[in-house]
J.: 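Could you have a look at this structure, given as structure tokens, before my questions?
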Amino acid sequence: MILVSTIPELAEGVKPLRLGRLAIDTPVVLAPMAGITNAAYRQLCREQGAGLYVAEMITSRGIVERDPKTLSMLQFDPGETVRSVQLYGTDPYYMAEAAKILCGEYGVGHVDMNFGCPVPKVTRKGGGAALPWKRDLLEAILTSVVKAAEPYGVPVTCKTRKGIDDDHLTYRDAGRIAEQSGIAAIALHGRTAMQHYSGHADWDAIADLVDQVSIPVLGNGDIWEAADATRMIMHTNAAGVVVGRGCLGRPWLFRDLADAFAGRATQTLPTSGEVAGVVRRHAELLAGLMGEQRGVTDLRKHMAWYFKGFPIGGDLRHDLGTVSSFSELDDHLGRLDPNLAYPVEELGRPRGRQGSPRGKVALPEGWLADTCGLDLELSSAEIGVSGG
């Protein structure tokens, strides 16, 4: 690994992130990502330095109704000293009951709630980033989950976006309601639902929310390198950062982040051979989780991210993306020139899904007419959403 001193040091050390009784020494959270942050990837990121690593989003009804697919996602590796799960739902009762099951039966030590998902299949039914528009419903959900987790001493956090669009911002009210409801911290993605993942994250909105509430605010959006995280902290005074797409194919980003927050200005630039070593480790962890064939098959989607920008040739890139066994993986990795330098032109560039801003956010009919939602029937918003 080549280490380069290119990351600006913070004026003062970043304090540990405190969530109730939990103290996260490195205030860096691995964001839950559908199909990505299973137990294997969380362990990989933990080994690199992630402070808190959140499992894939699961639905409250799926937990309460004991849906096999949903429950199968509740897998944790032995090193996860704090089991963290992101819970999705639209009904205060089901959200509270799900929290009780997570805390009481699965030993979960941190519950996060998703009010930031921008995908149409969620927002058109009143879930995700659409829900905070209904202030009373948001308050009821937050209060019920905090109360349900309290006997177990489990802190509850939530994540949201700026709002539905620039004309319907919700983050200030969401922050106020979260604080009043006993939420331990709130994460803000500096984009609206209309933006989806396009454009640039509004760090000014994160700074504004920090000024509005006394609970910790975590900044999310456009953290591609450790330098971005330090700039965000200096710009917003946030208590920590949430990293999603920036770590795709780059779990070592968490090493850089841990170094940056500890005052060590370094940047990891692995050679192609060192990347191959991480890929092999990822494959082993996936195989331990789901068996060799399924695990190596699941690894395929990560290959393009791991070798993004490396001049490895189209044939090898194709073969790595269709691998189905350890022997094939080892054979293909063995064809790789291990001394290729990291493609520095990829540094600081967006990774994963981006897309274009949506012309209109899909919402239930009449959703924006008022901000009251306690009497609405939103059960359909929870069907088939576990994992995103």
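Because the structure is predicted, anything quoted here is derived from the model rather than measured. The first residue of the sequence shown is numbered 1, and numbering continues consecutively from there.
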J.: Applying side chain to side chain contact (heavy atoms under 4.5 Å, CB included) to D112 and K159, what does each step give before you reach the verdict?
T.: CA-CA 7 Å; D112 186 44; K159 180 181 178 181; 4.2 Å; yes

J.: How close do F307 and I312 get, counting heavy atoms only, and between which atoms?
T.: CB-CD1, 3.9 Å

J.: Where do A96 and S144 come nearest, in terms of heavy atoms and distance?
T.: CB-O, 3.7 Å

J.: Has D370 got more than 12 heavy atoms of other residues, nucleotides or ligands less than 6.0 Å from its CG?
T.: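 More than 12 heavy atoms, drawn from other residues, nucleotides or ligands, come within 6.0 Å of this atom.
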
J.: Is it the case that D165 and H168 place a side-chain donor and acceptor less than 3.5 Å from each other?
T.: yes

J.: Quick check against the 3.5 Å criterion: does R161 have a side-chain atom that pairs as donor or acceptor with the backbone of G116?
T.: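 Yes, R161 side chain to G116 backbone: donor-acceptor pair under 3.5 Å.
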
J.: Just do the side chain to side chain contact (heavy atoms under 4.5 Å, CB included) check on M113 and M95 with the steps written out, would you?
T.: CA-CA 9 Å; M113 288 183 283; M95 288 286 279; 3.6 Å; yes

J.: State, with a plain yes or no, whether a side-chain heavy atom of E47 is found less than 4.5 Å away from one of R281.
T.: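 Heavy-atom side-chain distance check passes, below 4.5 Å.
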
J.: Can the positive tip of R280 be found less than 6.0 Å from the middle of the six-membered ring of F326, inside 45° of the ring normal?
T.: yes

J.: Hey, is CZ on R300 packed in by over 12 heavy atoms from elsewhere, all under 6.0 Å?
T.: yes

J.: Under the 3.5 angstrom rule, does the side chain of S272 hit a backbone N or O of L340 as a donor-acceptor pair?
T.: yes

J.: If only side-chain N and O atoms count, and only distance matters, is there a donor-acceptor pair under 3.5 Å linking D259 with T266?
T.: yes

J.: Checking side-chain contact (heavy atoms from CB on, under 4.5 Å) against R46, which of D77, L30, T81 comes through?
T.: D77

J.: Examine V146 and L131 and state if one hydrophobic cluster contains both, with Ile, Leu, Val, Met, Phe, Trp and Tyr joined whenever side-chain heavy atoms are less than 4.5 Å apart.
T.: yes

J.: Hey, are the side chains of V296 and L286 touching, using non-hydrogen atoms and a 4.5 Å cut-off?
T.: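 No, too far: nothing below the 4.5 Å cut-off.
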
J.: Could you tell me if the side chain of L87 sits less than 4.5 Å from the side chain of M57, heavy atoms only?
T.: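 No - every pair of side-chain heavy atoms lies 4.5 Å or more apart.
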
J.: For W252 and Y306, take the angle between the two ring planes, folded into 0 to 90°, and tell me which bin it lands in: parallel under 30, tilted 30 to 60, perpendicular over 60.
T.: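 The arrangement is tilted - the two ring planes meet at 30° to 60°.
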
J.: What distance do D211 atom CG and N237 atom CG have between them, rounded to the nearest 0.5 Å?
T.: 8.0 Å

J.: Would K125 count as a cation-pi partner of W367, with NZ or CZ less than 6.0 Å from the six-membered ring centre and within 45° of the ring normal?
T.: no

J.: Please indicate whether R317 has more than 12 foreign heavy atoms, meaning atoms of other residues, nucleotides or ligands, lying under 6.0 Å from its CZ.
T.: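 More than 12 within 6.0 Å, yes.
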
J.: Check whether any side-chain heavy atom of L142 lies under 4.5 Å from a side-chain heavy atom of I177, and answer yes or no.
T.: yes

J.: Are a donor atom and an acceptor atom from the side chains of E179 and S181 found within less than 3.5 Å of each other?
T.: no

J.: Do the non-hydrogen side-chain atoms of N220 and L188 ever get within less than 4.5 Å of each other?
T.: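 Counting from C-beta outward, N220 and L188 never come under 4.5 Å.
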
J.: Check G49 against A258 and note the closest heavy-atom contact, atom names and distance.
T.: O-CB, 4.1 Å

J.: Under a 3.5 Å distance rule, please check whether R42 uses its side chain to pair with a backbone N or O of S84 as donor and acceptor.
T.: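 Pair absent, no side-chain N/O of R42 close to backbone of S84.
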
J.: Does any donor atom in the side chain of Y41 or H302 lie under 3.5 Å from an acceptor atom in the other side chain?
T.: no

J.: Would you name the heavy atoms of A283 and L299 that are closest together and state the gap between them?
T.: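 In terms of heavy atoms, the two residues are closest at CB-CD2, 3.7 Å.
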
J.: Is it the case that one hydrophobic cluster holds both L52 and I186, taking links as side-chain heavy atoms less than 4.5 Å apart, direct or via other members?
T.: no

J.: Is the shortest side-chain heavy-atom distance between F261 and P16 below 4.5 Å?
T.: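 They are not in contact (no side-chain heavy atoms under 4.5 Å apart), so the answer is no.
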
J.: Test of understanding: clusters of I, L, V, M, F, W, Y form through side-chain heavy atoms closer than 4.5 Å, transitively. Do M234 and L17 belong to the same one?
T.: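 They do not share one cluster, since no chain of ILVMFWY contacts under 4.5 Å joins M234 to L17.
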
J.: So do the side chains of K134 and L376 get within less than 4.5 Å of each other, counting heavy atoms only?
T.: yes

J.: Say whether H110 and T157, considering side chains only, have a donor N or O and an acceptor N or O under 3.5 Å apart.
T.: yes

J.: Can you give me the closest heavy-atom contact between A40 and L289, atom names plus distance?
T.: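 It is N-CD2, 4.0 Å.
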
J.: Show, in sequence, the C-alpha distance, side-chain angles and deciding distance for F310 and Y342, and conclude whether the ring pair (Phe, Tyr, Trp, His ring centres under 6.0 Å) test is met.
T.: CA-CA 7 Å; F310 280 102; Y342 193 85; 5.6 Å; yes

J.: Is R61 positioned over the aromatic face of Y94, cation under 6.0 angstrom from the ring centre and no more than 45 degrees off axis?
T.: yes

J.: Using a strict 4.0 Å threshold on nitrogen-to-oxygen distance, state whether R191 and D222 make a salt bridge.
T.: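 So R191 pairs with D222 through a salt bridge.
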
J.: Decide if atom CD of Q293 counts as having more than 12 heavy atoms of other residues, nucleotides or ligands within a radius under 6.0 Å.
T.: no

J.: Write down the atom of V122, the atom of Y88, and the distance for their closest heavy-atom approach.
T.: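 Scanning both residues, the minimum pair turns out to be CG1-OH, 3.4 Å.
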
J.: Could you tell me whether K308 atom NZ has more than 12 heavy atoms of other residues or ligands within 6.0 Å of it?
T.: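 Buried by this count: over 12 neighbours within 6.0 Å.
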
J.: Could you check whether any side-chain heavy atom of D228 comes within less than 4.5 Å of a side-chain heavy atom of V241, counting everything from C-beta outward?
T.: no

J.: Could you see if V210 belongs to whatever hydrophobic cluster contains I215? Use Ile, Leu, Val, Met, Phe, Trp, Tyr and a side-chain cutoff under 4.5 Å.
T.: yes

J.: CG of L44 to CZ of F254: how many Å apart, nearest 0.5 Å?
T.: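 Going from the CG atom of L44 to the CZ atom of F254 covers 10.0 Å.
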
J.: Classify the side-chain pair Q86/E56 by whether it contains a donor and acceptor separated by less than 3.5 Å.
T.: no

J.: Are more than 12 heavy atoms, taken from residues, nucleotides or ligands other than H318, located less than 6.0 Å from that residue's NE2 atom?
T.: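 No - once you tally the heavy atoms of other residues, nucleotides and ligands closer than 6.0 Å, there are 12 at most.
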
J.: Side chains of T271 and N339: any donor to acceptor distance under 3.5 Å?
T.: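 The criterion, which ignores hydrogens and geometry beyond distance, is not satisfied for T271 and N339.
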
